[in-house]
Amino acid sequence: MICTLCPRQCGALRTETQGNGFCGMPAGLRVARAALHHWEEPVISGTQGSGTVFFSGCTLRCSYCQNREISTGGFGKTVTTERLREIFEELIRQGAHNINLVTATHFLPWILPALEEKLPVPLVYNCGGYESVETLRQLEGKVDIYLPDLKYSLPHLGRDLSAAEDYFPVATAAIREMYRQTGPCVLENGLLRRGVVIRHLVLPGQLENTRQVIDWVSANFQPGEVLFSLMSQYTPQPGAEGTMARHVTAAEYRAAAAYMNNCGIVDGFLQERTSAREEYTPPFDLTGV
């Protein structure tokens, strides 16, 4: 296939043996892990866990990625569409509150057939926010919950940290489309059944970036329409320099949380500043694949 699935529109020729596009993935599906995950937001993980399927490859190049073994390393196992549907059903039998697809866009043509028959639990689309509106429209009626990042408001951060200078306009357009599809959040017995949860990771030394992200969310959504998750788990990766070589300070995170509250965003989640624990990066060992 000639691939135009992500905003990069790189037009790469993807075959079963060759993946020369930005994501580095060949045609077909590659999965690194499928298991119950207990470390999403409480309305996603609940008490029994989210049935999380981690796909290999990525359309971003985040310098601080904790999943780089699969995002850029390409680790994973090739599976068929039929096997993917079986994986969903196995996770549901294990008690998953939902099926959670992590970084799946570059495999969408092979995922969509596995979703033809509606799942008996909500489908979560967990992504970096850097999505094509045209591609998202293929998911209308299939995705119940969108779980996008909104990483950057400042172009130079998108460029320097994720190789995506156009991140903010692309991600905000994508989030508007996600909300158009799902409408306001619907919760039932403490679990999210439908809606959008916007995640933002506070970066060390980048409070202005966070403030502008919060400004956009508060200006575009009324209270209760979306949920907002302010994350503190930034972990410096080997080779990080400057402020990116340290963790977020308690003062930085308190300032971000206070700004979020002052902007009227009370429907959402805060994270313990000590949350950069190994549970957030599960072992990519082909569990459940």
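We're numbering straight along the sequence, starting at 1.
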Any chance you could lay out the side chain to side chain contact (heavy atoms under 4.5 Å, CB included) test for Phe22 and His106, step after step, and finish with the verdict?
CA-CA 10 Å; Phe22 188 89; His106 44 293; over 6 Å; no
Worked check of side chain to side chain contact (heavy atoms under 4.5 Å, CB included) between Leu101 and Phe107
CA-CA 11 Å; Leu101 309 183; Phe107 294 121; over 6 Å; no
Under the side chain to side chain contact (heavy atoms under 4.5 Å, CB included) criterion, do Phe54 and Asn67 qualify, and how do the steps go?
CA-CA 10 Å; Phe54 289 89; Asn67 294 355; 4.2 Å; yes
Could you go through Tyr130 and Asp166, starting from their C-alpha distance and side-chain angles, then the distance that decides it, and tell me whether this counts as side chain to side chain contact (heavy atoms under 4.5 Å, CB included)?
CA-CA 9 Å; Tyr130 193 67; Asp166 60 347; 2.7 Å; yes
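At a threshold of 4.0 Å, the pair Arg246-Glu252 counts as salt-bridged, since one of the basic side-chain nitrogens sits closer than that to a carboxylate oxygen. The pair Asp144-Lys118 counts as a salt bridge, with a side-chain nitrogen and a carboxylate oxygen less than 4.0 angstrom apart. With respect to the salt-bridge test (charged N to carboxylate O, under 4.0 angstrom), the residues Arg180 and Glu177 qualify. For the pair Arg199 and Glu40, the salt-bridge criterion is met [side-chain N within less than 4.0 Å of a carboxylate O].
A continuous path of Ile, Leu, Val, Met, Phe, Trp and Tyr side chains, each step under 4.5 Å between heavy atoms, connects Ile87 with Ile92, placing both in one hydrophobic cluster. Residue Val226 is grouped with residue Val143 when hydrophobic side chains (ILVMFWY) are merged at heavy-atom distances under 4.5 angstrom, including chains of intermediate members. In terms of hydrophobic clustering, with Ile, Leu, Val, Met, Phe, Trp and Tyr side chains grouped at heavy-atom distances under 4.5 Å, Val124 and Leu29 are assigned to different clusters. Note on Leu192: it does not cluster hydrophobically with Ile175, by side-chain heavy-atom contacts below 4.5 Å among ILVMFWY residues. Linking Ile, Leu, Val, Met, Phe, Trp and Tyr whenever their side-chain heavy atoms come within less than 4.5 Å leaves Val197 and Tyr125 in two separate clusters.
Of the possible polar contacts, one joining the Asn209 side chain to the Lys151 backbone as a donor-acceptor pair under 3.5 Å is found. Using a distance-only test at 3.5 Å, with no hydrogens or angles considered, no donor-acceptor pair links the side chain of Ser132 to the main chain of Pro7. Judged purely by atom type and a 3.5 angstrom limit, Ser229 has no side-chain atom pairing as donor or acceptor with the backbone of Ile198. Side chain of Thr52 to backbone of Leu36: no donor-acceptor contact under 3.5 angstrom is found. In terms of modelled atom types and a separation under 3.5 Å, the side chain of Arg85 and the main chain of Ala114 share a donor-acceptor contact. Judged by distance alone, with hydrogens and angles left aside, the side-chain atoms of His97 form a donor-acceptor pair with the main-chain N or O of Gln48 at under 3.5 Å. A donor-acceptor contact shorter than 3.5 Å links the side chain of Thr81 to the backbone of Trp110. Judged by distance alone, the side chain of Tyr253 and the main-chain N or O of Gln271 form a donor-acceptor pair under 3.5 Å. Judged by distance alone, with hydrogens and angles left aside, the side-chain atoms of Ser218 form a donor-acceptor pair with the main-chain N or O of Asp215 at under 3.5 Å. Under the 3.5 Å distance criterion, the side-chain polar atoms of Arg194 are left unmatched by any main-chain donor or acceptor of Val186.
Taking all atoms of both residues into account, the shortest heavy-atom contact from Ala12 to Gly21 is CB-CA, 3.3 Å. In this structure, Gln66 and Thr235 approach most closely via the heavy-atom pair NE2-OG1, 3.6 Å. Closest heavy-atom contact between Glu131 and Val170: O-CG1, 3.5 Å. Residues Pro148 and Gly129 come closest through the heavy atom pair CB-CA, 4.2 Å. Here the closest non-hydrogen pair linking Cys62 and Ser162 is SG-OG, 3.0 Å. What you find for Gly57 and Thr103 is that their closest heavy atoms are O-CG2, 3.6 Å.
With contacts defined as side-chain heavy-atom distances shorter than 4.5 Å, the pair Leu60/Ser71 does not qualify. The shortest distance between side-chain heavy atoms of Phe168 and Leu150 falls below 4.5 Å. At a threshold of 4.5 Å between non-hydrogen side-chain atoms, the residues Val202 and Leu230 count as touching. In this structure, Thr78 and Val31 have side chains that are not in contact, with every pair of non-hydrogen atoms separated by 4.5 Å or more. Side-chain contact between Met178 and Cys127 is present, with at least one heavy-atom pair separated by less than 4.5 Å. Side-chain contact between Pro204 and Val248: present, with at least one pair of heavy atoms (C-beta onward) separated by less than 4.5 Å. Thr172 places a side-chain heavy atom less than 4.5 Å from the side chain of Trp216. Between Leu112 and Lys142, the closest side-chain pair of non-hydrogen atoms falls below 4.5 Å.
Taken to the nearest 0.5 Å, the CE atom of Met25 stands 12.0 Å off from the CG atom of Asn20. Rounded to the nearest 0.5 Å, atoms CG (Leu5) and OG1 (Thr59) are 10.0 Å apart. Note that OG1 of Thr182 and CZ of Arg193 are 14.0 Å apart. Values are rounded to the nearest 0.5 Å. Atom CD of residue Glu225 and atom CG of residue Leu227 lie 11.5 Å apart, to the nearest 0.5 angstrom. Here CD1 of Ile70 is found 7.5 Å from SG of Cys65. Values are rounded to the nearest 0.5 Å. A distance of 11.0 Å separates CZ of Arg159 from CG of Leu154, quoted to the nearest 0.5 Å.
For the residue pair Asn126 / Tyr146, no side-chain donor-acceptor distance below 3.5 Å is found, with atom types taken as modelled. Defined by atom type and a distance below 3.5 Å, a donor-acceptor pair is missing between the side-chain atoms of Gln237 and Ser63. For the 3.5 Å distance criterion, the side chains of Asn220 and Tyr179 fail to qualify, holding no donor opposite an acceptor.
Note: His200 and Phe228 have parallel aromatic rings, judged against thresholds of 30 and 60 degrees for the angle between ring planes.
Taking the ring axis of Phe284 as reference, the NZ or CZ atom of Arg33 does not stay both within 45° of it and closer than 6.0 Å to the ring centre.
Aromatic ring centres of Tyr167 and Tyr152: separated by under 6.0 Å.
Applying the salt bridge (Lys or Arg N to Asp or Glu O under 4.0 Å) test to pairs two or more places apart or on separate chains, none has a residue in residues 57-74.
By the neighbour-count criterion of 12 heavy atoms within 6.0 Å, atom CG of Asn189 is sparsely surrounded, having that number or fewer from other residues, nucleotides or ligands.
Residues passing the side chain to side chain donor-acceptor pair (under 3.5 Å) test with Glu86, sequence neighbours excluded: Arg83.
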